[in-house]
2 protein chains.
Amino acid sequence: MPAPKQILEFVDTNADAFIKRLAEAVAIPSISGEIERRPDVVKMAHWLDAQLKKYGVETKLVPLGKHVMDGTELELPPAVLGKIGKDPKKKTVLIYGHYDVQPASKSDGWNTEPFELHVHPTNGQLIGRGSTDDKGPVLGWLNILQAHQEAQLELPVNLQFCFEGMEESGSEGLEDLIVKEAAPAGYFEGVDCVCISDNYWLNMRTPGLTYGLRGLAYFKLTVKGPARDLHSGSFGRMVHEPMTDLIALMSKLVDSQGNILVPGVQDLVSVCDDKERALYDSLDYSIQDVEDAVGASIALSSDKATVLMGRMREPSLSLHGIEGAFYGPGAKTVIPAKVSGKFSIRLVPPQTPDTVGDLVVKYVEEEFKKLGSKNTLEVENLHGGKPWVADHEHWNYEAAIRATEAVYGKKPDLFREGGSIPVTLVFAESLGKNVVLLPMGRGDDGAHSTNEKLDRSNYIEGTKLLGTYLYEIAAQA
Amino acid sequence: MPAPKQILEFVDTNADAFIKRLAEAVAIPSISGEIERRPDVVKMAHWLDAQLKKYGVETKLVPLGKHVMDGTELELPPAVLGKIGKDPKKKTVLIYGHYDVQPASKSDGWNTEPFELHVHPTNGQLIGRGSTDDKGPVLGWLNILQAHQEAQLELPVNLQFCFEGMEESGSEGLEDLIVKEAAPAGYFEGVDCVCISDNYWLNMRTPGLTYGLRGLAYFKLTVKGPARDLHSGSFGRMVHEPMTDLIALMSKLVDSQGNILVPGVQDLVSVCDDKERALYDSLDYSIQDVEDAVGASIALSSDKATVLMGRMREPSLSLHGIEGAFYGPGAKTVIPAKVSGKFSIRLVPPQTPDTVGDLVVKYVEEEFKKLGSKNTLEVENLHGGKPWVADHEHWNYEAAIRATEAVYGKKPDLFREGGSIPVTLVFAESLGKNVVLLPMGRGDDGAHSTNEKLDRSNYIEGTKLLGTYLYEIAAQA
């Protein structure tokens, strides 16, 4: 049961209006990780709420309480919940998405203003922070709601929505809400399955479906020494320097081949057998794809399956940066007094932020002792999320596969993803229902990076995909 | 021949006015290392020029040409040259100082605005960027000029001045000027000795004289990988990460005990014999002094001489920070595309920026090859300066010692300093005259760091010291 012709036509004829709406959303710099942007995150919540109401969704903004960020107490941005349709004969699909984005400023290396959607004149790419992560997909649902309203068609399923504004900052406050509303008589009562569109195709050609996600454990190592920054001339080689200790510790976490050096972390992961390896060999993917996506020939291996497994079924450790050291251009001869190294580990089953966190804390503290430094170390295990793997033979996946075939005319790649969407697991565990990750964007969209984009065709065909998916769900009834 | 009573009295009675003048100077944020502050550096040059003229000094602002900083071409701030007195029967003393300062912003951890001189209500400390490095000492000379003008006394010597505005950024452009003006018929013709007040006492009790300085070699290691920043979820363990390579390289430069790991760098330095060691044992200095100065018990050794030698006769390597990585608060899961590690090595004779630079470049490139990374490395040997050691039995030092005894009533410590003032060597070599470093501030002033200060007594007694030094020079005639 494909989507009605007039819905698909409506999407095509209104493509420019949909892009205008995406530009509106991108223009709100809803960065959840920056204190001064918090009002913009809240503004984005109200913008989204108004859009949902306009298309007949019964909504409510749920306050999630306060949290402390870098010493400042802040009100968390509200969750935007919504419902449309109450037909007991229809399946009920819960849609999740997030309206916050990663930090971005032109000085990071953007070719255009990150918070002004730039439509590339020739390739039609829609460039801007949040275009693909995750405002584009969230607006895809708005587009479908509008299509049904204006075509005066009933939706084929009952829909529920759960949009949050803290996904890029650990989804603080959301888990409690989901667990509460997933309980009997909760807001999510009656949900049959969940659909999340916050991921990407494996490549730039073939649509995909994601049935697994890596978890995340984020760490902050702080080394403190002198009471204040020192002149390297006056004090160099008189005192223990915090940067020297921190760099030594950070160098013991991962090697240039991507191997994690924290004892026990890799041991938690099952060894890949030939059968599993065959799954990765079968995916429409090449080393060229990753090198095109990153714009350089820097793949860790020349073997396609090895590189894919590195992302999908192996943990990874990335060093993100240092807070408190000299970071500007030019040459400053300072001995920083207090420096914090930031790094995170992407997790795969059966790893959890706790099991891996304990190993990291123990190891880093042991390595610090070996340095024989008189400086002090603090290891913080910040936000994290468990990894997740779903049953990809469930009817929810069947519907997503059929919808993809209907819109794109080809079978989607079924794969696990390297990113973390911690709430996916929360939905799966608290509702006890199947969750499908149905991506809109491509593998080279550059979420979290400079010049993030969503291809026009992915936005428009992707809108059709989301709509068609709902009809394929209904067809399962 | 001590300074006339009325000069010393004038200094005491005008102390508050002198502090007000220091506040004026500190209020001009003459940061030579920041492009957008360049106009303030030039403003400071004109402020200083006007002050000198007011006290009868014949001055000229010498343009030093252009330079490129972080891709931007800028006019270098002018050198401020000056002369007062032409009596062939008098000795001619050349004074050097700098009117630029290190970067500073309250967010770095200052308790007060760095560019508003704060007079501490109880201990009388004068807190502000440049208070001790080097605006306080430069103003000390202005104070002495004013004292003579208002007391209608002739100066006991002929004075020449050379003030620059790029000292904190490698003294760009100055060396050529000095070499040119030191030549026969140059501006500096007739100079008998040089006095520089841009250093500090060894401790907080005993005045000192510096007869040696470490040199500097500043390096920038840039590792480049992907064309743009990447999402650590999508690409972690698929590609070689620049941060991993850079941290590995930076960890191979120095250990937590301060030992330099670059082969050959330490070998260039002579081994300390018992006779030399005795010099360091004799200095009025304790481990407590360094730990008081830095505000923590982090001395590299419990042996006083070892710690002093680390600063005075050993090279040191400090890791300053990383440009291009995530440096803010919060938790960003990014794989930075291009990162530059900044570090510098303080040099002692016979090391030079070139000999050490060659060793560093060779070593870092070899270590990078060992990493087996597909990223690319660029090693830059930025500005540097050779180390310097003077004859401390010269009459120039005799005069400085007597002046110190006259003002402070105690013998000064004679020592080598850990910092770098590259022009010192340029003056010594191009003029072929003796150079004395006569400090005004104390060992805990915190030059280059947050809450930089100059004690009120050091500013006022230090002004008397500079004045008395001139009379002691005259007494040598």
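Below, chain A is the first sequence line, B the second, and so on; all start at residue 1.
- Across A:I335, A:D108, A:D229, A:N199, the residue that shares the most heavy-atom pairs under 4.5 angstrom with chain B is A:D229.
- Of the listed residues (B:N375, B:D70, B:L213), the greatest number of heavy-atom pairs within a distance under 4.5 Å of chain A belongs to B:D70.
- When atom types are taken as modelled, the side chain of A:H320 and the backbone of B:V334 share a donor-acceptor pair closer than 3.5 angstrom.
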Q. Between A:E241 and B:S318, is a side chain to side chain contact (heavy atoms under 4.5 Å, CB included) present by the stated rule, with each step listed?
A. CA-CA 8 Å; A:E241 301 187 12; B:S318 295; 2.9 Å; yes
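- Between the side chain of A:K374 and the backbone N or O of B:A299 there is at least one donor-acceptor pair closer than 3.5 Å.
- Remark: side-chain polar atoms of B:E417 are not paired, donor with acceptor, to backbone N or O of A:G233 under 3.5 angstrom.
- For the options B:A331, B:G225, B:S251, heavy-atom pairs under 4.5 Å to chain A are most numerous at B:A331.
- Only the side chain of A:R214 comes within contact range of chain B, with heavy atoms under 4.5 Å apart.
- Both the backbone and the side chain of B:P315 have a heavy atom closer than 4.5 Å to some heavy atom of chain A.
- Note that the OH atom of A:Y200 and the NE2 atom of B:H231 stand 6.0 Å from one another [nearest 0.5 Å].
- The main-chain N or O of B:R311 is never found under 3.5 Å from a side-chain atom of A:R237 such that the two would form a donor-acceptor pair.
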*Start with the C-alpha distance between B:S344 and A:S232, add both sets of side-chain angles, then the distance that settles side chain to side chain contact (heavy atoms under 4.5 Å, CB included), and finish with yes or no.*
CA-CA 9 Å; B:S344 64; A:S232 66; 4.2 Å; yes
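- Proximity of a side-chain donor or acceptor of B:K342 to a complementary backbone N or O of A:T333 within less than 3.5 Å is not detected.
- Atom OH of A:Y327 and atom CD1 of B:I322 lie 14.0 Å apart (nearest 0.5 Å).
- At least one donor-acceptor pair under 3.5 Å links the side chain of A:H240 to the backbone N or O of B:S256.
- The contact between A:D245 and chain B is made by backbone and side chain atoms together, counting heavy-atom distances below 4.5 Å.
- The side chain to side chain contact (heavy atoms under 4.5 Å, CB included) test with B:M238 singles out one residue from A:T306, A:V294, A:V290, A:L300, and that residue is A:V290.
- Counting heavy-atom pairs under 4.5 Å between each of B:A293, B:S169, B:G33 and chain A puts B:A293 at the top.
- Interatomic distance, A:L230 CG to B:S449 OG, rounded to the nearest 0.5 Å: 6.5 Å.
- Ranked by non-hydrogen atom pairs under 4.5 Å with chain A, the options B:A296, B:P226, B:A248, B:A325 are led by B:P226.
- Chain A forms the most heavy-atom pairs under 4.5 Å with one residue out of B:A227, B:P329, B:G295, and that residue is B:P329.
- Taking CD from B:E323 and NZ from A:K332, the interatomic distance works out to 13.0 Å, rounded to the nearest 0.5 Å.
- Put simply, the side chain of A:Q257 gets close to the backbone of B:G372: a donor and an acceptor are under 3.5 Å apart.
- Chain B forms the most heavy-atom pairs under 4.5 Å with one residue out of A:M69, A:Q266, A:E168, and that residue is A:Q266.
- With a threshold of 4.5 angstrom between heavy atoms, A:D255 approaches chain B through N, CA, C or O but not through any side-chain atom.
- Put simply, CD1 on A:I298 and CZ on B:F235 are 9.0 Å apart, with the number rounded to the nearest 0.5 Å.
- Of all the listed residues (B:S316, B:G341, B:P336), the one sharing the greatest number of non-hydrogen pairs under 4.5 Å with chain A is B:S316.
- Atoms CG and OG1, on B:L317 and A:T244 in that order, are 7.5 Å from each other to the nearest 0.5 Å.
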